Amino acid sequence: MELTLKSARRLVDEIPVPLAVLGVWGGELSEEGQRLDALHRKVLSKTMEELHFKGEFGETLLVPLGLRRDEKGPGFALLFGLGKKRGASLETLRKAGAKLVQEVARLGFKEAVSETFLSEKFGKQEASYALAEGALLGGYSWNKYKTGGPASKREKLRLWLARSSGPAVDRAETVAEAVNFARDLVNEPPNVLTPAELARRAGEMGRELGLEVEIWDEHQIKQAGMGAFYGVAQGSANPPRFIQLTYKPQRPAERVIAMVGKGLTFDTGGYSLKSPEGQITMKCDMAGAAAVLGAMRAIAKLKPAVEVRAYVAAAENMISGTAYRVSDVLTSLAGKTIEVLNTDAEGRLTLADAITHADRQGADAIVELSTLTGACVIALGEKIAGLFANDARWGREVQEAAERAGEKVWPLPMEEEYLEALKSNTADLKNTHGRSRYAGAITAALFLAEFTDKPLTHLDIAGPAYTEKNHALGPAGGTGFGVRTLLELVGA
Ligand code: BES
Ligand code: ZN
Ligand code: ZN
């Protein structure tokens, strides 16, 4: 859907559109709802009673207001159930925003106004922000490759938010647009979004928004000594790219934050081949990169006070006569040698070199996002990312940013004793602990932490980055997970 949000200072019935959305909290009309009810001969409360409308979260009821000829304002009210007020959070409003745009569009309205569901629980700004963000995320659709059919008839919807905060709605627009940009990148099929194409889009976006852009091709990657990254990439006919974007604030920053994203445009597993089933979602293996690039897009517009550098080692994990194999020894940029025990544990190899590079370029702290392990999905499921930190303070900063953003993360331990499992007889390290599948998310995190002494927080987003079902804030596919956390983290 093509959604335009408009912030208005006016009241719901002062906006000349056909539909007004009104909240119902715990079975009771909101204040704004009661005001309209009184204006319209109690038609709202009477209908609610007659139809036993309780207003469970997401339940809706469309009521014609029966306007007389001289009456202005919306001719229909859509009662929108918000559930009980006790226990409601900003996430409730975010989900409400998403649900209500879908509902309004489904009903066929092209223009509507919604109240901002203000209550004593939250301020006008945060309520406006959450509702607008939810609406813009919920309005996202992916139909680029559908020909004919209903999907190509793009529905347009203009939604007014009555009595909302303009600046909050503006910020929500920038943030949601960045999340949806990340979703587009993840949803793009891997034959289109090759490493070179990902780099081209990152470069185009960066240059357009005034970021510094530097992109290395396969020769420069090899030349730089990124042997671990290059090892993964060498099996594909689509050459790798190393993407670097830099945002510098106007006043010299006190802190440089590096954001690293896993950028496997497709992961077959390589010679340690994934099952057909296991490959189905593997176009999502660049979701970390998408999150980082999406965040940079909003950072360029919101201009926070810190310097932010983004790094993506983009490659494709394929099989061919030139592909890396099990038992190969790769020399990483840091100089450490790595014995490959499993070509499907490729993410950590590409990330090792990206993290080393970020460290050497002068990062004060590194946050890294990757669809790194199936083990993390087993541990925390599809809704929660694993958080690993070698520095408790930096870990907490990221965790708190995620909480503010409304993205779910949970800390897992970096148990030093498990590092033993990554010692190799042949090289300095091996990329997996061989046959054991115990603590796979933790050993992956320990591996990454071998490549920097700087504060490093690793988010394993293998679960929440991608979904095969529609979810509360959007359709099946890439979720854009991580963008909002990164923006909170850098204070954008
Ligand atoms: N990209 C996968 C991890 C993944 C799995 C992401 C499911 C999203 C959903 C990663 O490269 C991988 O294959 N990891 C292996 C590591 C193992 C070989 C140690 C895994 O998780 O099985
Ligand atoms: Zn893999
Ligand atoms: Zn992977």
Side-chain angles (χ1 to χ4, degrees), residues 186-187 190 193 195 198 228-229 231-233 235-236 240 260-291 312-319 323-328 338-352 354 368-386 388 412 418-419 421-422 424 429-448 458-469 476-479 481-482:
V186 174
N187 289 336
L193 198 86
L198 181 62
F229 171 28
V232 172
S236 176
V260 179
K262 175 173 172 181
L264 267 289
T265 59
F266 197 73
D267 180 11
T268 66
Y271 277 99
S272 311
L273 189 61
K274 285 186 185 296
S275 66
E277 166 93 8
Q279 292 182 39
I280 288 175
T281 61
M282 279 307 125
K283 72 172 181 181
C284 86
D285 216 15
M286 36 58 71
V312 172
E316 196 181 31
N317 190 16
M318 299 288 278
I319 289 176
Y324 78 146
R325 29 179 128 47
V326 174
S327 295
D328 279 4
I338 306 161
E339 184 183 12
V340 177
L341 284 206
N342 190 317
T343 62
D344 196 12
E346 83 298 336
R348 63 197 74 182
L349 298 170
T350 64
L351 291 163
E368 175 276 329
L369 290 88
S370 47
T371 45
L372 200 61
T373 69
C376 198
V377 192
I378 301 294
L380 296 174
E382 284 193 313
K383 299 282 175 190
I384 307 171
F388 301 84
L412 291 170
Y418 295 165
L419 194 54
L422 295 179
S424 155
L429 283 170
K430 49 192 189 191
N431 76 331
T432 74
H433 47 339
R435 289 182 187 84
S436 159
R437 291 169 55 192
Y438 291 168
I442 297 176
T443 49
L446 289 169
F447 182 92
L448 297 179
H458 154 58
L459 290 176
D460 192 330
I461 60 169
Y466 194 84
T467 165
E468 291 182 82
K469 295 187 293 263
T479 60
F481 187 95

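Just so it is clear, the structure is predicted and the values come from calculations on it, not from any experiment. First listed ligand is number 1; within each ligand, the first listed atom is number 1.
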Enquirer: For ligand 1, is there an N or O atom under 3.5 Å from any N or O atom of Glu346?
Expert: yes
Enquirer: Hey, does Asp267 have a side-chain heavy atom less than 4.5 Å from the side chain of Asp344?
Expert: yes
Enquirer: Report yes or no: does a heavy atom of Lys274 sit under 4.0 Å from some atom of ligand 1?
Expert: yes
Enquirer: To check you understand the geometry: which heavy-atom pair defines the closest contact between Ala444 and Thr373, and what is its length?
Expert: CB-CG2, 3.6 Å
Enquirer: Please report whether ligand 1 has a polar contact with Gly374, defined as an N or O pair separated by less than 3.5 Å (distance criterion only).
Expert: yes
Enquirer: Should one rank Asp285, Leu349, Leu341 by closest heavy-atom distance to atom 1 (N) of ligand 1, which comes out on top?
Expert: Asp285
Enquirer: For Lys262, take its heavy atoms, then give the atoms of ligand 1 lying under 4.0 Å from any of them.
Expert: 1 (N), 10 (C), 11 (O)
Enquirer: May I ask you to decide if Thr265's main-chain N or O and Glu316's side chain share a donor-acceptor pair within less than 3.5 Å?
Expert: no
Enquirer: Using a 4.0 Å cutoff against the non-hydrogen atoms of Met282, which atoms of ligand 1 qualify?
Expert: 1 (N), 4 (C), 5 (C), 6 (C), 7 (C), 8 (C), 9 (C)
Enquirer: Using modelled atom types and a 3.5 Å cut-off, is there a donor and acceptor pairing between side-chain atoms of His433 and backbone atoms of Ala439?
Expert: no
Enquirer: Would you say Thr268's side chain and Asn317's backbone share a donor-acceptor pair under 3.5 angstrom?
Expert: yes
Enquirer: Which value, rounded to the nearest 0.5 Å, describes the distance between Met286 atom CE and Leu198 atom CG?
Expert: 5.5 Å
Enquirer: Decide yes or no on side chain to side chain contact (heavy atoms under 4.5 Å, CB included) for Leu412 and Leu380, but give the supporting numbers first.
Expert: CA-CA 10 Å; Leu412 291 170; Leu380 296 174; 4.0 Å; yes
Enquirer: Any heavy atom of Thr281 sitting closer than 4.0 Å to ligand 1?
Expert: no
Enquirer: Do you know which two heavy atoms are closest between Pro240 and Pro195, and how far apart they sit?
Expert: CA-CB, 4.0 Å
Enquirer: State if His433 counts as touching ligand 1 under the rule of any non-hydrogen atom under 4.0 Å.
Expert: no
Enquirer: Can a donor-acceptor pair be found, under 3.5 Å and without considering hydrogens, that links the side chain of Asp460 to the backbone of Gly386?
Expert: no
Enquirer: Distance check, rounded to the nearest 0.5 Å: Ser236 atom OG versus Ile319 atom CD1?
Expert: 11.5 Å
Enquirer: Just which atoms of ligand 1 are under 4.0 Å from any heavy atom in Asp267?
Expert: 1 (N), 2 (C), 10 (C), 11 (O), 13 (O)
Enquirer: For atom 15 (C) of ligand 1, which protein heavy atom lies nearest, and how many Å away is it?
Expert: Asp344 O, 4.0 Å
Enquirer: Give yes if a backbone or side-chain nitrogen or oxygen of Thr432 is under 3.5 Å from a nitrogen or oxygen of ligand 1, and no if not.
Expert: no
Enquirer: Near the Zn ion (ligand 3), meaning under 2.8 Å, how many protein N/O/S atoms are there?
Expert: 4
Enquirer: Any idea which of Thr443, Thr350, Asn342, Leu372 brings a heavy atom closest to atom 3 (C) of ligand 1?
Expert: Leu372
Enquirer: Strictly below 4.0 Å, N to O, side chains only: are Glu368 and Arg348 in salt-bridge contact?
Expert: no
Enquirer: One pair to check against side chain to side chain contact (heavy atoms under 4.5 Å, CB included): Tyr324 and Val340. What are the steps and the verdict?
Expert: CA-CA 9 Å; Tyr324 78 146; Val340 177; 3.9 Å; yes
Enquirer: Between Arg348 and ligand 1, does any nitrogen or oxygen pair lie at a separation below 3.5 Å?
Expert: no
